[in-house]
Protein chains: 2
Amino acid sequence: MELKIGALGRATDTNVETIRYYERIGLLSKPPRTGGNYRAYGAPDLNRLSFIRRARDLGFSLDQVRALLELSDDKARDCATVDELARDHLAEVERKIADLEALKAALSDLIASCCGGTVADCRILEALAPSTTSPAA
Amino acid sequence: MELKIGALGRATDTNVETIRYYERIGLLSKPPRTGGNYRAYGAPDLNRLSFIRRARDLGFSLDQVRALLELSDDKARDCATVDELARDHLAEVERKIADLEALKAALSDLIASCCGGTVADCRILEALAPSTTSPAA
DNA sequence: TCTTGACCCTGTAGCAGCTACAGGGTGCAT
DNA sequence: ATGCACCCTGTAGCTGCTACAGGGTCAAGA
Ligand SMILES: [Zn+2]
Ligand SMILES: [Zn+2]
Ligand SMILES: [Zn+2]
Ligand SMILES: [Zn+2]
C-alpha cells in the first residue's frame with residue numbers, strides 16, 4: 001500500500017502543498033522516493049497525518065500537535081502531560097471566546113445606535129472618530 | 001503642533017514600527033519631513049490614527065478600516081454602507097464565536113473522558129488517532 | 001568641544017500556517 | 001508522438017504586525 005502525495009492528500013483531506021509544508025517543518029518525516037523521485041507514503045504516514053489533521057481541527061497549534069505526537073509515542077508514560085496540554089488549549093479557546101463576546105457586545109451597541117441618516121451624523125463613525133474633533137470654526 | 005513619530009505613538013498607544021507599517025501600506029499618508037528627515041505629524045494624522053486604532057480594537061481588518069476611512073470622508077453619503085460593513089463584521093465575529101464554542105465543546109468532552117492512566121490508554125490521544133489503528137497482530 | 005543618550009531613519013527578515021505560483025520532470029494512454 | 005494528470009523544487013505571497021541591523025540627528029551635560 002503505497003500512496004503518492006496526491007492520494008495521501010485525498011485520503012486525509014489535506015492539500016498536497018500542506019503535506020510538503022509539514023515535511024519541511026519536520027512534522028512529517030521525509031518518506032522514501034520512487035524511481036521517478038515521487039514521495040511514497042505508507043500506512044504509518046497516513047495515520048500520523050490523520051492524527052495531525054484531527055488535532056488541527058480541534059484548534060491545537062502545530063507546536064502543540066508536535067508535542068502530542070511525541071507524547072503519544074511514549075506509551076508507558078502517565079497521560080497527565082497530555083491532559084495539561086489539552087486543558088491549556090481549552091483555556092485558550094475560552095479566552096478567545098470571552099474576547100470575542102466583548103467585541104460582539106461593543107459592535108452590537110454601535111450598530112444599534114445608528115439611526116440611518118448620512119455619513120455626517122453616523123453614530124458608528126462618530127464612535128470611532130476622536131472625541132470632539134470639530135474645531136469651533 | 002508637530003509630532004514626531006514617537007510622540008504620535010505615545011498619543012495613540014501605537015508602536016512606532018506599526019505607524020511606519022501603516023504608512024508603508026498606505027493607510028496613513030506620508031507626512032512632511034523635518035530638516036533632519038524626521039516625520040512631522042499634525043492633528044489630522046493624530047485623528048486618523050486614533051480612528052484606525054479604535055476600529056482595530058473593534059476587530060475590523062485593515063481593509064475594512066481603509067473602507068471605513070474612505071466612507072467617512074464622504075459626509076453627504078447615506079450611511080448604509082457603513083452599517084453594512086459593521087454588520088458584516090459582527091456576523092464574522094459571531095461565526096468565530098460559534099466555531100470556538102463547537103471547539104470548546106469537543107475539547108471539553110475529550111478532556112472529561114480521560115481517566116488519568118497511561119498514555120497507552122489515554123482517551124484524548126485515542127480520539128485523535130485514526131480509528132482501529134492496531135493491526136490484528 | 002566632545003560625548004553621551006534618546007530619539008529618528010531605511011531596509012530586511014521573522015512570526016503562524018498555510019497557499020500559490022513558475023518552471024521543470026514522470027508516467028500512462030491514445 | 002503527444003497529451004494529460006500528476007509529481008518535483010524553490011520561492012514568494014497572505015495578515016498584521018514586530019524586531020532587528022546599521023546607520024543619522026539633536027539637545028544636554030562635562
Ligand atoms: Zn445607519
Ligand atoms: Zn450610520
Ligand atoms: Zn488523563
Ligand atoms: Zn489521558
Side-chain angles (χ1 to χ4, degrees), chain A residues 2-28 30-41 45 48-49 51-69 88-89 92-93 95-96 99-100 103, chain B residues 2-28 30-41 45 48-49 51-69 88-89 92-93 95-96 99-100 103:
Chain A
E2 301 249 302
L3 294 169
K4 273 181 257 178
I5 198 168
L8 180 63
R10 277 186 298 278
T12 57
D13 197 29
T14 308
N15 197 320
V16 296
E17 320 262 25
T18 303
I19 299 177
R20 283 195 279 252
Y21 169 70
Y22 285 167
E23 179 183 325
R24 209 158 56 241
I25 63 170
L27 200 55
L28 291 176
K30 291 176 192 290
R33 301 293 183 114
T34 67
N37 198 31
Y38 289 7
R39 287 170 180 82
Y41 295 102
D45 299 300
R48 190 175 172 95
L49 184 51
F51 184 105
I52 293 171
R53 295 293 294 174
R54 283 174 212 198
R56 290 290 299 136
D57 282 350
L58 284 167
F60 287 97
S61 73
L62 290 181
D63 268 0
Q64 287 173 327
V65 173
R66 214 186 290 265
L68 285 171
L69 282 164
D88 282 358
H89 178 44
E92 238 174 84
V93 170
R95 241 182 303 116
K96 272 185 200 166
D99 288 354
L100 287 175
L103 221 62
Chain B
E2 300 252 301
L3 292 169
K4 273 182 259 176
I5 199 169
L8 181 63
R10 278 186 297 279
T12 56
D13 198 29
T14 309
N15 196 322
V16 297
E17 319 263 25
T18 303
I19 298 177
R20 284 195 279 250
Y21 170 69
Y22 285 168
E23 179 183 326
R24 209 158 55 241
I25 64 169
L27 201 55
L28 291 176
K30 291 177 193 290
R33 300 295 182 113
T34 68
N37 197 31
Y38 289 6
R39 286 169 180 83
Y41 294 103
D45 300 300
R48 191 176 172 92
L49 183 51
F51 184 106
I52 294 170
R53 294 296 292 174
R54 284 175 213 197
R56 289 291 299 136
D57 283 350
L58 283 167
F60 287 98
S61 73
L62 289 182
D63 268 359
Q64 287 172 326
V65 173
R66 215 185 288 264
L68 285 173
L69 282 165
D88 282 357
H89 178 44
E92 239 175 84
V93 169
R95 240 183 304 116
K96 273 188 200 164
D99 287 355
L100 286 175
L103 221 62

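What you are looking at is a predicted structure, and each value in this text was computed from that prediction instead of being measured.
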Sugar-phosphate, base or nothing in reach of B:Thr34, heavy atoms under 4.0 Å: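 No contact.
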Touch class at under 4.0 angstrom, heavy-atom based, for A:Arg56 against every strand present: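 Touches sugar-phosphate only.
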Carboxylate-amine/guanidinium contact B:Asp57 B:Arg54, below 4.0 Å: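 Salt bridge absent between B:Asp57 and B:Arg54.
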Below 4.0 Å: OP1/OP2 of [N] and any side-chain N or O of [X]:
| X | N | result |
| --- | --- | --- |
| B:Thr18 | D:dT18 | yes |
| B:Asn37 | C:dC9 | no |
| A:Tyr22 | C:dG17 | no |
| A:Tyr21 | C:dA20 | no |

Report the nucleotide, chosen from [options], that has the shortest atom-to-atom distance to any side-chain atom of [X].
| X | options | result |
| --- | --- | --- |
| B:Leu62 | D:dC17, C:dT19, C:dG17 | D:dC17 |
| B:Arg24 | D:dC8, C:dG17, D:dT18 | D:dT18 |
| B:Arg20 | C:dC8, C:dC9, D:dT18 | C:dC9 |

Figure out the [atom1]/[atom2] separation between [X] and [N], and round it to whole Å.
| X | N | atom1 | atom2 | answer |
| --- | --- | --- | --- | --- |
| B:Ile5 | D:dC26 | CD1 | C1' | 17 Å |
| B:Glu17 | D:dC17 | CD | P | 13 Å |
| A:Leu8 | D:dC8 | CG | P | 11 Å |
| A:Arg39 | C:dT26 | CZ | C1' | 14 Å |
| B:Phe60 | D:dT15 | CZ | C1' | 17 Å |
| B:Ile19 | C:dC9 | CD1 | C1' | 14 Å |
| A:Arg66 | C:dA16 | CZ | P | 9 Å |
| A:Arg33 | C:dG27 | CZ | P | 13 Å |

NZ-CG distance between A:Lys30 and A:Leu28, expressed to the nearest 0.5 angstrom: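 Between A:Lys30 NZ and A:Leu28 CG, I get 11.0 Å after rounding to 0.5 Å.
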Gap between atom NZ of B:Lys96 and atom NZ of A:Lys96 - 0.5 Å precision: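 Reported to 0.5 Å precision, the distance equals 9.5 Å.
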Sidechain-backbone polar pair: B:Arg53 side chain, B:Asp13 backbone, donor-acceptor under 3.5 Å: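 Side chain of B:Arg53 to backbone of B:Asp13, a donor-acceptor pair under 3.5 Å: yes, one is there.
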Short side-chain to backbone donor-acceptor contact, B:His89 and B:Gln64, under 3.5 Å: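 The answer is no, because no donor-acceptor pair under 3.5 Å joins these two groups.
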Donor-acceptor pair under 3.5 Å, A:Tyr38 side chain vs C:dG25 base: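 By the distance-only test, yes, there is a pair.
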Residue whose nearest DNA chain D nucleotide is more 5′ - A:Lys4 or B:Gly36: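 The residue whose closest nucleotide sits nearer the 5' end is A:Lys4.
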